Amino acid sequence: MSTLTVTDPVLHEFAAEVGAEGPVAVAGGRTRWAVGGALDPDARVVSAPAGIVAYSAPEMTVQVRAGTTVAELAAELSTHGQRTALPERGGTVGGAVAVGENPVDVMGRGRLRDAVLQVRYVSAEGELVTGGGPVVKNVTGYNLPKLMTGSLGTLGLMVEFVLRTNPVPAASRWLSSADADPTASLATVHRAADVRWDGVTTWVLLEGHGPDIEADSARLRDLAGFAEVDGPPPLPPHRWSLRPADALGLPARTTGTTVVSVGVGLAWSDEAQPQRVVDAGVGAVAARVKHSFDPTGRLNPGRRVGG
Amino acid sequence: MGLLDRLTRRAAPVAPLVADLRAALSDDRVRVDGAERALMAKDASVFGGGVAGPTCFPTSTEEVQAIMRVAARHDAAVVPRGAGTGLAGGAIPLGAPIVVSTGKMNRILEVDEANGVVWVEPGVINLDLSRHLRPLGYHFAPDPSSQAVCTLGGNVANNSGGPHCLAYGVTDAHVAAVEVVLADGEVVMLGGLEAEPAGYDLRGAFVGGEGTLGIATRIAVRLTRNPPAVRTLLLSFAAVRDAAETVSAIIAAGIVPAALEVMDQRITVAVENFVSAGYPVDAAAVLLAEIEGLDDGVDIDAARIEEIGRANGATDVRRAGSDHERELLWKGRKTAFGAIAQLAPDYYLHDTVVPRSALADVLEQVYEIADRHGVVVMNVFHAGDGNLHPLLLFDAREDGTLERVHAAGAEILRASLAAGGVLSGEHGVGVEKQRFMDELFTDADLDHQNRLRRAFDPACRANPGKVLPMGHSCADIQALRSVPTEVWG
């Protein structure tokens, strides 16, 4: 028998509920429900099962069902001094992986797609499929976890993951300056977990060993008078994804508040990002992927990934 | 159309195919001579059976596209090839396909610091890229042992790793975008420089595709900043188990070093005879640990690693006192496989991953399995991420030896799977591990991998006969390997 054969009866029950016919959609916490466009109202809505299946802190991996809330997982990991690359803004683990957005502090926590080691999903034919593997390094076969992350459930309804975890740094500190070059601020420190800039003020999140944070704090003070603060203000509502160099020009191009994640290319603004366009050639491959995974278009009908 | 019809159809029109390729490139960059084809028939793996067709040396994306279009017109298969250092047979041409060497596409195109990437062509050598970036304060993190010769295109195809991938991740974490020529000649840019490119992550799916999803022609590789401070520790142990348990304990303590490499005594003795790198030859195993960061932090972590090592039986802990000493230790680690060539005419390097907590137990099984099959095994591996590299030494001229080596290898794979591991951590599946794929994955899992592959290459013309086991469409083309060598003249 294949070692990745699914034995968990809870997963088989979910597969039976999804079945093999008729339009079907999956709901998590509905915190990002509008992403990808309106769902076909004819779709039957199901919810993935919840629960942390196996957590090995020494191994730095956690096996978790898709319906588990991000908050519950974060609380469990924090009891062992660990965290994941899931954005902690509510919702479920399955929803977060399906949407595929990185955490705001992606330079500290890492990219979400690099943390999804193994994915299990129910296919359009109602079968349980496993992609990837449960260990931290793996190039065995094609990389289905990458394909599923950010797929909005249009290729399979995700039900369980093995995620990479990481130690929570020993110390952390926010600093800010209203008179700093944001790019120079990022370059000055060894390892910033997050650098934000609203066109005037720069905020830097340092993480690591205490003495290292002291050393980087001193560099920032010397650079532009950075001082310790509780944290940055809440982010504006609309998330943008840009090239890092282009994102720096966004505060000047938008009205209202815009905050750029420096060096990353994410931004948050009172204005929404215009619809992005996927190149036609790439779109053709994507359409073939969609058709081969979901020939009848029954999975999350109405949702569009990208463009 | 049946397989035999396809075979016949592909093998027959020799001259027109070569003529069309030459018209697309030039006479001297499409080679059909025996010497060239013999060279292209093999890679660094132990596998034979390769038969190369015409070998092309394109210099641009447009030329790769032209080759792909000629191939599509003739329904010919195409195999991309970098330096041929792969160990799973991924570059072995099956059924006399067109071989596309990326050797003449070796330019570093543009360092784009503002967007954190460097654009390269696929034939750029891994170490050349890091050397080019060093004065700017950056490097390319994946550092396979073959980094002095292997290419970025090969790294992308195999999703290559290396000792320093423990903290930084393997190749797919370092590729922002990749321009690909698909098997039908379409050119697509997968991924992008935006923080989160729109659409499915086809870039992530392409990296590690072993040349079966198309040919990479331009790659945007992420710039990794050079660390301000590095500490390198060498811990000696009286038992391999102690070294393995130290690795588990370091990870469990929440320390993620840049590298954690274990070498057993057989390896250190061979290395010392070869390059005198400074490894103790009386220890049963050594652990090479490297930490990168700021001065204070690396000292804190180094002290904790020493403490954990001593608590787990380390008999000696040495810190590299100079850059020279550190470079020597790494030279020793990375030339381990060259050193082995002194000991036996042939070796077979395995590659599996197990949970880090299972390292010590699986290693004991590896020694037991090798002993039982009468094969000498040495272990040098990326312990920090559970990536085992048992090295089996043999002399292929002795009757029955290769069979015993393969039998031992199969048992090692199965022991790794039984421990909750996977078949490959960084070498890939190629032709080496196809037949074991269904011991890890179910039929439904493999069917879905095949769907991904067919979405990129519906006609199965890109590197056919690799990765997926027999019974999954693109693998059945393996029968092509029997095409006679004379057909290309």
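Reminder, nothing fancy here: chain letters follow the sequence lines and each chain counts from 1. Below, all heavy atoms of this structure are taken into account, side chains as well, without hydrogens, waters or symmetry copies. Please read these numbers as outputs of a predicted model, since none were measured by experiment.
- Heavy atoms of Asn158(B) lying under 4.5 Å from chain A belong exclusively to its backbone.
- The closest side-chain heavy-atom distance from Ile251(B) to Met60(A) is below 4.5 Å.
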With side-chain hydrogen bond (donor to acceptor under 3.5 Å, both in side chains) as the criterion, how do His448(B) and Tyr142(A) come out once you've worked through the C-alpha distance, each side chain's angles and the decisive distance to 0.1 Å? CA-CA 9 Å; His448(B) 272 234; Tyr142(A) 294 95; over 6 Å; no
Run the side-chain contact (heavy atoms from CB on, under 4.5 Å) check on Arg288(A) and Arg454(B) step by step: do they pass? CA-CA 8 Å; Arg288(A) 290 202 296 266; Arg454(B) 297 295 295 264; over 6 Å; no
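- Other residues, nucleotides and ligands place more than 12 heavy atoms under 6.0 Å from the NE2 atom of His12(A).
- For Arg164(A), no part lies near chain B; criterion is any non-hydrogen pair under 4.5 Å.
- Shown here are the side-chain contact (heavy atoms from CB on, under 4.5 Å) partners of Ala157(B), two or more places apart in sequence or in another chain: there are none.
- Of the residues considered (Pro355(B), Ala205(B), Gly208(B), Ala249(B)), Pro355(B) shows the highest number of contacts with chain A, using heavy-atom pairs under 4.5 Å.
- The candidate from Lys290(A), His80(A), Arg113(A), Arg243(A) with the greatest count of non-hydrogen atom pairs under 4.5 Å with chain B is Arg243(A).
- Scanning both residues, Gly199(B) and Val305(A), for their nearest heavy atoms gives C-CG1, 3.4 Å.
- Residue contact with chain A, scored on non-hydrogen atoms closer than 4.5 Å, involves the side chain of Val256(B) exclusively.
- Between Leu190(B) and Val282(A) there is a side-chain heavy-atom pair separated by less than 4.5 Å.
- Taking 4.5 Å as the limit, some side-chain heavy atom of His209(A) sits within range of a side-chain heavy atom of Asp301(B).
- Neither the backbone nor the side chain of Ala57(A) comes within less than 4.5 Å of any heavy atom of chain B.
- Considering only heavy atoms from C-beta on, Arg225(B) stays 4.5 Å or farther from His190(A) through its side chain.
- With a 4.5 Å cut-off on non-hydrogen atoms, Gln82(A) does not touch chain B at all.
- Of all the listed residues (His382(B), Glu113(B), Met189(B), Glu426(B)), the one sharing the greatest number of non-hydrogen pairs under 4.5 Å with chain A is Glu426(B).
- Closest non-hydrogen pair, Ala198(B) versus Gly306(A), comes out as CB-CA, 3.8 Å.
- Within the 4.5 Å cutoff, the side chain of Leu452(B) has heavy atoms near those of the Leu144(A) side chain.
- Contact annotation for Glu292(B): only backbone heavy atoms (N, CA, C, O) come within less than 4.5 Å of a heavy atom of chain A.
- The candidate from Gly265(A), Gly110(A), Ser292(A) with the greatest count of non-hydrogen atom pairs under 4.5 Å with chain B is Ser292(A).
- Looking only at heavy-atom pairs under 4.5 Å with chain A, the residue among Gly297(B), Ala444(B), Pro228(B) that has the most is Gly297(B).
- Contacts from residues 167-177 of chain B to chain A, taken as heavy-atom pairs separated by less than 4.5 Å, involve Val170(B), Asp172(B), Ala173(B) in sequence order.
- Considering only heavy atoms from C-beta on, Tyr200(B) comes within 4.5 Å of Ser151(A) through its side chain.
- If you tally non-hydrogen atom pairs under 4.5 Å between each of Gly192(B), Gly204(B), Gly137(B) and chain A, the highest count goes to Gly204(B).
- Interface remark: Val135(A) contributes side-chain atoms only to the contact with chain B (heavy atom separation under 4.5 Å).
- Counting heavy-atom pairs closer than 4.5 Å to chain B, the top-ranked of the candidates Pro134(A), Gly141(A), Gly133(A) is Gly141(A).
- Interface remark: Val354(B) contributes backbone atoms only to the contact with chain A (heavy atom separation under 4.5 Å).
- The greatest number of non-hydrogen atom pairs below 4.5 Å with chain A, out of Leu423(B), Leu446(B), Asp438(B), is found for Leu423(B).
- Classification of Glu125(A) and Arg451(B) as a salt-bridged pair holds, one side-chain N sitting under 4.0 Å from a carboxylate O.
- Proximity to chain B is absent for every atom of Met148(A), based on heavy atoms less than 4.5 angstrom apart.
- Looking at Asp212(A), both its backbone and its side chain come within 4.5 Å of chain B, counting heavy atoms on both sides.
- The number of heavy atoms from other shown groups lying within 6.0 Å of CZ (Arg219(A)) is above 12.
- The shortest distance between side-chain heavy atoms of Asp201(B) and Thr149(A) does not fall below 4.5 Å.
- Contact annotation: the side chain of Leu4(A) never approaches that of Thr442(B) to less than 4.5 Å [non-hydrogen atoms, C-beta and beyond].
- Heavy atoms closer than 4.5 Å to chain B are found nowhere in Ile213(A), neither backbone nor side chain.
- Among all heavy-atom pairs drawn from Gly254(B) and Pro167(A), the shortest one is O-CG, 3.2 Å.
- Between Asn143(A) atom CG and Arg203(B) atom CZ the span is 9.0 Å, to the nearest 0.5 Å.
- Val262(A) does not touch chain B: none of its heavy atoms, backbone or side chain, sits under 4.5 Å away.
- Heavy atoms closer than 4.5 Å to chain A are found in the side chain of Ile300(B), but not in its backbone.
- Top candidate by heavy-atom pairs under 4.5 Å with chain B, chosen from Ala187(A), Ser2(A), Pro58(A), is Ser2(A).
- Between chain B and the options Arg191(A), Glu127(A), Arg239(A), Glu214(A), heavy-atom pairs under 4.5 Å are most frequent for Arg239(A).
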After noting the C-alpha distance and the side-chain angles of Leu182(B) and Val285(A), does the key distance pass the side-chain contact (heavy atoms from CB on, under 4.5 Å) rule? CA-CA 10 Å; Leu182(B) 299 172; Val285(A) 182; 3.6 Å; yes
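- Both the backbone and the side chain of Leu266(A) come within contact range of chain B, with heavy atoms under 4.5 Å apart.
- Heavy atoms of Leu202(B) lying under 4.5 Å from chain A belong exclusively to its side chain.
- Judged by distance alone, with hydrogens and angles left aside, the side-chain atoms of Ser424(B) form no donor-acceptor pair with the main-chain N or O of Thr140(A) at under 3.5 Å.
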Take Arg111(A) and Glu196(B) through the salt bridge (charged side-chain N to carboxylate O under 4.0 Å, His left out) test and state the conclusion after the steps. CA-CA 10 Å; Arg111(A) 280 179 292 271; Glu196(B) 292 165 1; over 6 Å; no
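- Arg414(B) does not touch chain A: none of its heavy atoms, backbone or side chain, sits under 4.5 Å away.
- Looking at Glu59(A), the atoms closer than 4.5 Å to chain B (heavy atoms on both sides) sit in the backbone and in the side chain alike.
- Of the listed residues (Pro211(A), Ala280(A), Ala267(A)), the one with the most heavy-atom contacts under 4.5 Å to chain B is Pro211(A).
- Annotation: maximal heavy-atom pairing with chain A below 4.5 Å, among Asp296(B), Val188(B), Leu294(B), occurs at Leu294(B).
- There is no contact between Leu166(B) and chain A, counting heavy-atom distances below 4.5 Å.
- Without hydrogens or angle criteria, Asp445(B) side chain to Val129(A) main chain gives no donor-acceptor distance under 3.5 Å.
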